[in-house]
Amino acid sequence: MRIDLHTHSRISDGEDTPTALVAKASQAELDVIALTDHDTFAGVAEAQEAGKRMGVKVLAGIELSTQVDGRPVHVLGYGCDPHDAALAAELRRLRDSRRERMPMMCARLTEAGLPLTAEDVYATVGAPVSVGRPHVADAMVAKGYVATRDEAFEKWLALGKPGYVQRYAIDVGDGIDLLHAARGVAVLAHPWSRGNRDTLPAPLIQKLQDEHGLDGIEVDHEDHDMHTRSLLMEMGARMGLIRTGSSDYHGIGKPAYPLGVNMTRPSAYRELVARIRERGGII
Ligand code: AMP
Ligand code: FE
Ligand code: FE
Ligand code: ZN
């Protein structure tokens, strides 16, 4: 079984429509994918329809924006009820704040000598349900200010760079609770990627498990080098956390991690499915 539990569509900051994403997953001979757009379930129904036609199991997922002391932490939710009222209300707040941040980022860039408006961004990327920095990056590429998404982040959009504007996110523990209340399971996305290593030290991960019932951690991810993966694998085993792997496929940018570049072991997937069932979630 080939299983990739973290992918994005153009409903958030991916390149493909949900249907095209599933077609590519089928071409990559994946048996299971999770669609995990940032702060929205809007692409899930279409992806699941396509999955039925193409013989790919599509697990309902989300990548929730949370924070620890103002630093971004992403939490993957699997099997949640997308109609859960509390979760839906929180997702709406997150998307509203993403939308409000867009003109502020454009103003910062304009002041820094790169004229850009929110209208320019939407003219480039259309109307994603969940907008973010990658869309600003795409508009900067379209204007010829930078060559790639990656360059836009490195020079302008990363934390501490001139175009960076912080936005609202919920506390990581509250985020895990919210996913659980929606009957899903919670897995920390790329916990020790470059920026996150200091944000999520082992004792905090332990605390999230003890106090919030954290279910798992993403281990095999392109942002983790081999040493980091082995540390996370060991730590997760010691704590009894489900350890997943994924491509975090976006199509373009991030840079372009191909579908299936990392995968979740079938045994870990079975644990995840069992945990979703225990919590009464949707599988
Ligand atoms: P936002 O949630 O709007 O603050 O944007 C964060 C998103 O930008 C992440 O989820 C990634 O998808 C993307 N991202 C972060 N760093 C980079 C980078 N260096 N190059 C391209 N995309 C990135
Ligand atoms: Fe993203
Ligand atoms: Fe992420
Ligand atoms: Zn992601």
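Residues: numbered from 1 along the sequence shown. Order of appearance sets the numbers: ligands from 1, and atoms from 1 within every ligand.
The shortest N or O to N or O distance between H38 and ligand 1 is under 3.5 Å. Considering backbone and side-chain N/O of R98, one or more are found under 3.5 Å from N/O of ligand 1.
By the 4.0 Å heavy-atom criterion, P134 is counted among the residues contacting ligand 1. Assignment of R101 to the shell around ligand 1 is supported, since a heavy atom sits closer than 4.0 Å. Residue R167 places a heavy atom under 4.0 Å from ligand 1. Judged by the shortest distance from any of its heavy atoms, H74 lies inside the 4.0 Å radius around the atoms of ligand 1.
For ligand 1, the atoms closer than 4.0 angstrom to any heavy atom of D150 are 18 (C), 19 (N), 20 (N), 21 (C). Near G132, the atoms of ligand 1 lying under 4.0 angstrom from a non-hydrogen atom of the residue are 3 (O). Each of the atoms 12 (O) of ligand 1 lies under 4.0 Å from some heavy atom of D13. Counting atoms of ligand 1 from 1 in the listed order, those under 4.0 Å from a heavy atom of H250 are 12 (O).
Not one N, O or S atom of D248 sits under 2.8 Å from the Fe ion (ligand 3). Between the Fe ion (ligand 2) and H8 there is no N/O/S contact shorter than 2.8 Å. At a cut-off of 2.8 Å, H74 is counted among the residues with an N, O or S atom near the Fe ion (ligand 3).
With salt bridges taken as basic N to acidic carboxylate O contacts below 4.0 Å, one links D215 and R279. Of the charged side-chain nitrogens involved, at least one lies within less than 4.0 Å of a carboxylate oxygen, so that R149 and D138 count as a salt-bridged pair. For R2 and D31, the salt-bridge test fails: no basic side-chain N is under 4.0 Å from an acidic carboxylate O. With respect to R93 and E90, a salt bridge is recorded, a charged nitrogen being found less than 4.0 Å from a carboxylate O. A salt bridge links R229 to D220: at least one charged side-chain nitrogen sits closer than 4.0 Å to a carboxylate oxygen. Note on D39 versus R98: salt bridge recorded, some NZ/NE/NH1/NH2 to OD/OE distance being below 4.0 Å.
For the pair Y249 (side chain) and A25 (backbone), a donor-acceptor distance under 3.5 Å is absent. Looking only at distances, no side-chain donor or acceptor of R10 sits under 3.5 Å from a matching main-chain atom of P18.
Aromatic ring centroids of H38 and H74 lie under 6.0 Å apart.
An angle of 130° is found at the Fe ion (ligand 2) between H38 atom NE2 and H250 atom NE2, rounded to 10°.
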**OP:** Could you check E63 against V75 for side-chain contact (heavy atoms from CB on, under 4.5 Å), going step by step and ending with a plain yes or no?
**Re:** CA-CA 6 Å; E63 187 171 11; V75 184; over 6 Å; no
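Summary: OD2 is the N/O/S atom of D13 found nearest to the Fe ion (ligand 2). Taking the Fe ion (ligand 3) as reference, the nearest N/O/S atom within E63 carries the name OE2.
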